[in-house]
J.: 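Okay, here's the structure, questions in a sec.
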There are 2 protein chains.
Amino acid sequence: MTESREFLYPSKWLSKASAGDRVSYELRMRIISGQIESGTILSENKLAADFAVSRSPIREALKILASENIIRLERMGAVVIGLSDKEIEEIYDVRLLIESFVFERLVRIDTNELVKELSKILEMMKISIKYGDADEFSYQDVLFHETIIHSVNHSYILMIWNNLKPVMESFILLSMRKRLKDKVEDFTRIISNHELYIEAIRIKDRDLMIKSLHENFDDVQGKVEDLWISQQMLSKGVVQQND
Amino acid sequence: MTESREFLYPSKWLSKASAGDRVSYELRMRIISGQIESGTILSENKLAADFAVSRSPIREALKILASENIIRLERMGAVVIGLSDKEIEEIYDVRLLIESFVFERLVRIDTNELVKELSKILEMMKISIKYGDADEFSYQDVLFHETIIHSVNHSYILMIWNNLKPVMESFILLSMRKRLKDKVEDFTRIISNHELYIEAIRIKDRDLMIKSLHENFDDVQGKVEDLWISQQMLSKGVVQQND
DNA sequence: GTTATAATACTTGTATACAAGTATACTTAG
DNA sequence: CTAAGTATACTTGTATACAAGTATTATAAC
């Protein structure tokens, strides 16, 4: 019996979420953090007991995670895939792809409102750092990019984003929490990258946008390995899902 | 009481599908064909009665359709969004985006096996036309592009494809069924476009690939309006989901 | 000891039951 | 006739029950 361990996902972000959503968010965090190791077989019944809910919301959660490619639904049980370095690179491939696409649309429309909105979010990010709030910083970081994507009103690009977002959010959350302790200096660079991004949108300079985007991603990717190893280490002492 | 009307989705493609999947495939076809009009509010209970299954598989289906952006889940009922011209253009935006990305990867690997596989599929497509089988043709057409995407082993590009595929498949099915009657000559052009695509992959000519891809899409998009209007007309005489 | 068969304890998928909340419609008071 | 409030008939989300199928384990035969 595995009981009452800490929840990894910020509970205040789940104020109006259904049980199924709660489970999906928490399970996703545990998988991406490595707390539930890749290869683990999850059983609906065990998860239901673990989260103290019925199988209905569990099934819902598993369907969601399967559509995000972090688990694989099989005949008997759900196999955890997780995020290896390969998958993380792939996620950034897709981000680069869709944000480039979005930028192409952006240069054709009025971006004054957007730039204002992004500046506001950037301010929020700075304050989050000031108060050492990694979770809030992550939230604003994700919101920053989401705001850009929303601005071009492309429902199928948005669909891709919506599928990618939860996994990315989880990954960024874990990454930022770690770096806030180990590498606070990273945050100033992230901020300046985002400032560059805003500037690229303002003056509609494609090359500058690509540059800032790449730097932003490279920055995150450069730190992946550290995070990864430490998360894996961290998870060794934790009771696993399957007995 | 709406009863025993024809199923739009080929039943033989659902041999091993769960009730939830069956419902999702059929509902998708009815929405995309316009048989269920945009704006319609779907009720889980009514759908359950209509499809003679319980609410469980219905809920499953609605979740899927919502993730594909063709319905919107609200407090009371699911609102049908459907596919307008805008959405269809957006789908082709995304296809162009991901297939271009895939091609960039393709030019770096050995494509002999892929070209062989694609040639086989093309032969199948020709035979499908010969026997006037629009459904089989559609299947092979979708498979053609899926095969290309699979070949680069990119799980997150594949994720996008998997989200897009059902909607596209439905749309292509409806489109091809109509054109087989009205515009059989279209098919020879589609075939030659695909031949061009294979050639582009074989000689790894990016421009040729983009050209064939664009022509292929323009071809489909050019015919959208016709299909659209006729489908809308067609649906006028049909009993709707909501009484 | 090995193999085959049978029993058991799992698995998922679907149906049904129930609870909490929301919109609608009706009734009653003014 | 209008307005307010209540009752009713919906809605979703979750829990539970059941059926069909699969893997595993134990038992029995050789």
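Every heavy atom of this structure was used, including side-chain atoms; hydrogens, water molecules and symmetry mates were not. Per chain, numbering begins at 1; letters A, B, ... match sequence-line order.
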J.: A/E169: what forms a salt bridge (Lys or Arg N to Asp or Glu O under 4.0 Å) with it, not counting sequence neighbours?
T.: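 Scan of A/E169 (salt bridge (Lys or Arg N to Asp or Glu O under 4.0 Å), adjacent residues dropped) gives none.
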J.: Could you state the atom-to-atom distance from NZ of A/K16 to C1' of C/dA20 in whole Å?
T.: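 After rounding, the reported distance stands at 14 Å.
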J.: For B/D133, which residues count as a salt bridge (Lys or Arg N to Asp or Glu O under 4.0 Å) partner, sequence neighbours excluded?
T.: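 B/D133 satisfies salt bridge (Lys or Arg N to Asp or Glu O under 4.0 Å) with no other residue.
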J.: Applying ring-ring contact (aromatic ring centres under 6.0 Å, His included) as the test, list every pair that has at least one member in residues 63-90 of chain A; sequence neighbours left out.
T.: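 Every pair satisfying ring-ring contact (aromatic ring centres under 6.0 Å, His included) with a residue in residues 63-90 of chain A: there are none.
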J.: For A/E136, enumerate each residue passing the side chain to side chain donor-acceptor pair (under 3.5 Å) test, keeping only those at least two apart in sequence or located in another chain.
T.: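 In terms of side chain to side chain donor-acceptor pair (under 3.5 Å), with neighbours along the sequence ignored, A/E136 is linked to A/Q140.
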J.: Scan for ring-ring contact (aromatic ring centres under 6.0 Å, His included) pairs involving residues 10-37 of chain B, sequence neighbours excluded, and state none if there are none.
T.: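 Every pair satisfying ring-ring contact (aromatic ring centres under 6.0 Å, His included) with a residue in residues 10-37 of chain B: B/Y9-B/W13, B/Y9-B/Y25, B/W13-B/Y139.
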J.: Quick one, give me the B/S/- string for nucleotides 12-18 of chain D, reading 5' to 3', where B means a protein heavy atom under 4.0 Å from the base and S means that only happens at the primed atoms, P, OP1 or OP2.
T.: BBBBBB-
